[in-house]
Amino acid sequence: MRMERKRTLMEFPVTLRKDKEEHLVTVKKKRRFLTADLTSRHGQKIQIGKIVLSAIIPIILLFGETTYRLIVSVTELKKVNGIQDEILFSLETGTVVHYLQIERGTTALFIGSNGSATVYNNLLAKYELTDDAIDSLTKWPTTTYPAHFQTRAIFKNHILEFRNNLVPWRMHVSVAEDIKFYTDDNAVIISWVADSAKKSEGGTTWQTLIAYHMLILSKEQAGIERALGGVFFAQGSFSLDELLWYNEKKTLGETYLERAEQYSSTIESMLSERYTSTSLHGQLQIMKSFIMQNDSSMSSVSAGIQWFDNMTEYINILKIIQDSMGQDIINLLEKESETIRSDLIVSAIIMVIAIITFPVVIFLVYKLTLQLQRFANDLKEKTKSLDIERKRTETLLHQMLPVSVAQKLMRNEAVMPEQFSDVTIYFSDIVGFTTICSKSSPLQVVDMLGFIYQSFDDILEKYDVYKVETIGDAYMVASGLPKRIGKRHVAEMACLSLDMLNTVNSLTIPHLPNEKLRVRIGLNSGSVVAGVVGNTMPRYCLFGDTVNVASRMESSGERTFLRILLKA
């Protein structure tokens with residue numbers, strides 16, 4: 001027993017030492033993995049493994065996020081499409097309600113007029129409009145209550161049975177029954193619009209849809225008010241109950257309209273433009289005051305028709321606003337749907353890109369590791385080439401603009417106009433240039449001008465002058481700007497002009513050797529203003545009377561040899 005215990009105590013340090021050695025080996029492997037030698041093949045494999053691992057993790061995260069966005073987008077798109085279908089159906093039902101309202105009002109006027117033939121013929125026309133609106137519904141809601149709304153055919157039979165009781169020889173319906181019949185049916189149809197508003201709660205269209213629903217309710221009350229008012233003017237007066245009934249519908253209609261205006265500024269602006277600021281509003285207010293005072297002085301069938309027509313015009317205005325609101329709702333839903341579709345497409349594209357990019361990224365990163373040194377060498381060579389091109393560009397810019405101006409432009413600094421109080425301007429042109437051109441082809445003219453102006457440009461190198469521009473055969477030079485040289489500019493320009501004359505006297509037109517070249521030269525000294533004009537092709541331009549006088553001196557000069565016109 002003691003021997004076994006002694007052996008165990010002796011083996012304990014050995015076991016502890018082995019565990020420590022294994023731990024050190026593990027640590028070394030981890031360090032070797034983190035700091036791999038890229039010069040060895042084993043180190044390259046470890047580095048590629050790390051790159052692959054670092055590439056897989058973000059791609060998996062991106063794939064998961066994109067999948068989640070796809071699911072959310074599809075769900076939202078289904079929801080918006082469902083709401084859009086409901087809104088389109090509510091617009092259709094709004095048309096049905098509108099024509100039922102017209103039919104209700106015309107029926108009440110017919111009853112109140114004791115079966116007027118004129119009103120009855122108008123009523124028959126309204127029947128057709130109502131039937132067409134019902135037939136145009138793209139669907140029929142599934143409902144069991146009321147029973148006559150179970151199907152489209154049952155509902156049409158329900159209306160037909162009511163109409164059959166209104167023939168002039170039967171007249172089994174009172175005004176109250178007429179209004180109740182249509183009002184009950186309209187209430188059911190209007191409730192479909194309310195259901196659409198509930199389904200869109202929380203979306204971007206709910207506020208506009210609530211305003212649309214309130215507008216329909218206001219229009220419904222206005223339709224009842226129209227029917228009751230027509231009866232008032234046709235029969236001459238109201239009982240107390242009828243007057244209270246009329247006042248209730250009038251007040252409800254105005255209240256619903258105010259609520260609609262609160263939810264939508266579009267309704268408020270359109271109502272002001274089409275109704276409140278028109279004569280129709282004043283006429284209706286007058287007729288409403290007669291009804292509220294129960295004044296029978298205007299009562300007649302013709303007054304009832306006038307009331308009915310005015311109220312119909314008002315309700316038609318509400319219908320126009322209703323249709324406009326409906327179109328606004330559809331446009332909002334289409335924009336929302338389009339946004340969701342765009343997000344869906346973007347998510348799908350991102351997912352596809354993530355799948356395709358995974359092997360591509362690994363391959364490209366591997367290749368990139370091998371090509372870094374090559375790219376560094378190429379970059380060095382391209383930097384040298386770019387520096388050479390930059391110098392060429394600067395040289396070309398210095399040829400187009402003064403050096404001081406060009407340097408400011410390259411530094412992106414503003415070049416302000418500058419006034420020079422004392423400079424000399426040189427203008428020259430070729431005498432008979434038009435005649436020479438008529439004897440030459442366009443290419444010969446270009447070659448001739450290039451030959452002449454090359455000779456002139458060579459002369460400029462000997463003097464302290466600045467070539468401003470050449471236009472056709474005109475040649476313009478200035479001395480004393482942009483670098484001021486005191487009074488020396490006059491001598492510089494005079495010597496240049498003489499040198500120009502001597503040079504021209506020795507030149508010969510290559511394709512017209514018998515033609516003698518002559519030039520007119522005009523000089524003038526004075527003050528000018530110089531500045532850069534233009535952004536796309538900036539030009540260093542001179543302005544002032546000094547330039548104009550020099551140009552006139554040149555253009556009015558004599559066509560003789562060795563003659564210079566100058567004005568100091």
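Atom set for the values below is all heavy atoms of this structure, side chains included, hydrogens, waters and symmetry mates excluded.
Residue F149 holds its CZ atom at 11.5 Å from CD1 of I154, rounded to the nearest 0.5 Å. Rounded to the nearest 0.5 angstrom, L228 CG and M311 CE are separated by 10.0 Å. Here CD of E128 is found 11.0 Å from CD of E103. Values are rounded to the nearest 0.5 Å. Taking CG of L129 as the reference point, atom OG1 of T95 lies at 11.5 Å (rounded to 0.5 Å). The CG atom of L124 sits 8.5 Å away from the CZ atom of F110 when rounded to the nearest 0.5 Å. The distance from the OG atom of S218 to the CD atom of E258 is 9.5 Å, given to the nearest 0.5 Å.
In this structure, I189 and L100 have side chains that are in contact, with non-hydrogen atoms separated by less than 4.5 Å. Looking only at side-chain heavy atoms (C-beta outward), Y99 and I134 stay at 4.5 Å or farther from each other. For the pair L257 and L271, the minimum side-chain heavy-atom distance is below 4.5 Å. Side-chain atoms of I71 and T67, non-hydrogen and from C-beta on, do get closer than 4.5 Å to each other. With a 4.5 Å cut-off on side-chain heavy atoms, I315 and I102 do not count as touching. Inter-residue side-chain proximity for I305 and F233 is flagged as unmet; no heavy-atom pair is nearer than 4.5 Å.
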Audit row: F181, T107, side chain to side chain contact (heavy atoms under 4.5 Å, CB included) steps and yes/no
CA-CA 11 Å; F181 173 82; T107 302; over 6 Å; no
Yes or no on side chain to side chain donor-acceptor pair (under 3.5 Å) for D185 and H148, after CA distance, side-chain angles and deciding distance?
CA-CA 9 Å; D185 287 349; H148 56 270; 3.0 Å; yes
Given F89 and L137, is the side chain to side chain contact (heavy atoms under 4.5 Å, CB included) satisfied, shown in steps?
CA-CA 7 Å; F89 178 68; L137 290 176; 4.2 Å; yes
Report the C-alpha distance between T138 and E92 in whole Å, list the side-chain angles of each, state the deciding distance to 0.1 Å, and finish with yes or no for side chain to side chain donor-acceptor pair (under 3.5 Å).
CA-CA 8 Å; T138 54; E92 296 173 356; 3.0 Å; yes
Begin from the C-alpha positions of K249 and E254 and carry the test salt bridge (Lys or Arg N to Asp or Glu O under 4.0 Å) through to its verdict.
CA-CA 9 Å; K249 298 305 176 184; E254 294 172 351; over 6 Å; no
Let me see the working for L215 and Y256 under side chain to side chain contact (heavy atoms under 4.5 Å, CB included), right down to the final yes or no.
CA-CA 7 Å; L215 183 64; Y256 283 133; over 6 Å; no
Going through the distances and angles, do Y212 and Q322 end up as a side chain to side chain contact (heavy atoms under 4.5 Å, CB included)?
CA-CA 6 Å; Y212 177 78; Q322 173 186 329; 3.4 Å; yes
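Without hydrogens or angle criteria, S272 side chain to S269 main chain gives no donor-acceptor distance under 3.5 Å. Remark: side-chain polar atoms of N247 are not paired, donor with acceptor, to backbone N or O of L243 under 3.5 angstrom. Checking side-chain atoms of E273 against main-chain N and O of M270 turns up no donor-acceptor pair under 3.5 Å. Looking at S264, its side chain never comes within 3.5 Å of a backbone N or O of A260 through a donor-acceptor pair.
Applying the ring pair (Phe, Tyr, Trp, His ring centres under 6.0 Å) criterion to F238, with sequence neighbours excluded, gives F232. Residues forming a side-chain contact (heavy atoms from CB on, under 4.5 Å) with F543 (at least two apart in sequence, or on another chain): V533, C541. Scored by the ring pair (Phe, Tyr, Trp, His ring centres under 6.0 Å) test, F290 finds no partners at all (sequence neighbours excluded). Taking the side-chain contact (heavy atoms from CB on, under 4.5 Å) definition, one finds that E268 meets it with E261, sequence neighbours left out. Under the salt bridge (charged side-chain N to carboxylate O under 4.0 Å, His left out) criterion, E334 pairs with no residue, sequence neighbours left out. Looking at residues two or more places apart in sequence or on another chain, you find no side-chain contact (heavy atoms from CB on, under 4.5 Å) involving S277. Listed by chain and residue number, E338 satisfy the side-chain contact (heavy atoms from CB on, under 4.5 Å) test with S342 (two or more places apart in sequence, or in another chain).
Crowding of R274 atom CZ: a count of heavy atoms from other residues, nucleotides or ligands under 6.0 Å not exceeding 12.
Residue pairs satisfying the ring pair (Phe, Tyr, Trp, His ring centres under 6.0 Å) criterion with at least one member in residues 121-144, sequence neighbours excluded, are listed as follows: W140-F155, W140-W192. Identified under the side-chain hydrogen bond (donor to acceptor under 3.5 Å, both in side chains) test for residues 302-321, with sequence neighbours left out: H98-N316, R226-T312, S300-S302, K319-D323. Applying the salt bridge (charged side-chain N to carboxylate O under 4.0 Å, His left out) test to pairs two or more places apart or on separate chains, those with a residue in residues 150-160 are D135-K156. The salt bridge (charged side-chain N to carboxylate O under 4.0 Å, His left out) contacts involving residues 281-303 comprise E225-K288, where partners must be two or more places apart or lie in separate chains. Counting only residues at least two apart or in different chains, salt bridge (charged side-chain N to carboxylate O under 4.0 Å, His left out) contacts with residues 139-148 comprise E86-K139.
Of the residues listed (E220, Q221, H213), the one engaging L217 in a side-chain contact (heavy atoms from CB on, under 4.5 Å) is H213, and it is the only one. Across T183, D178, T130, a single residue satisfies side-chain hydrogen bond (donor to acceptor under 3.5 Å, both in side chains) together with R104, and that is T183.
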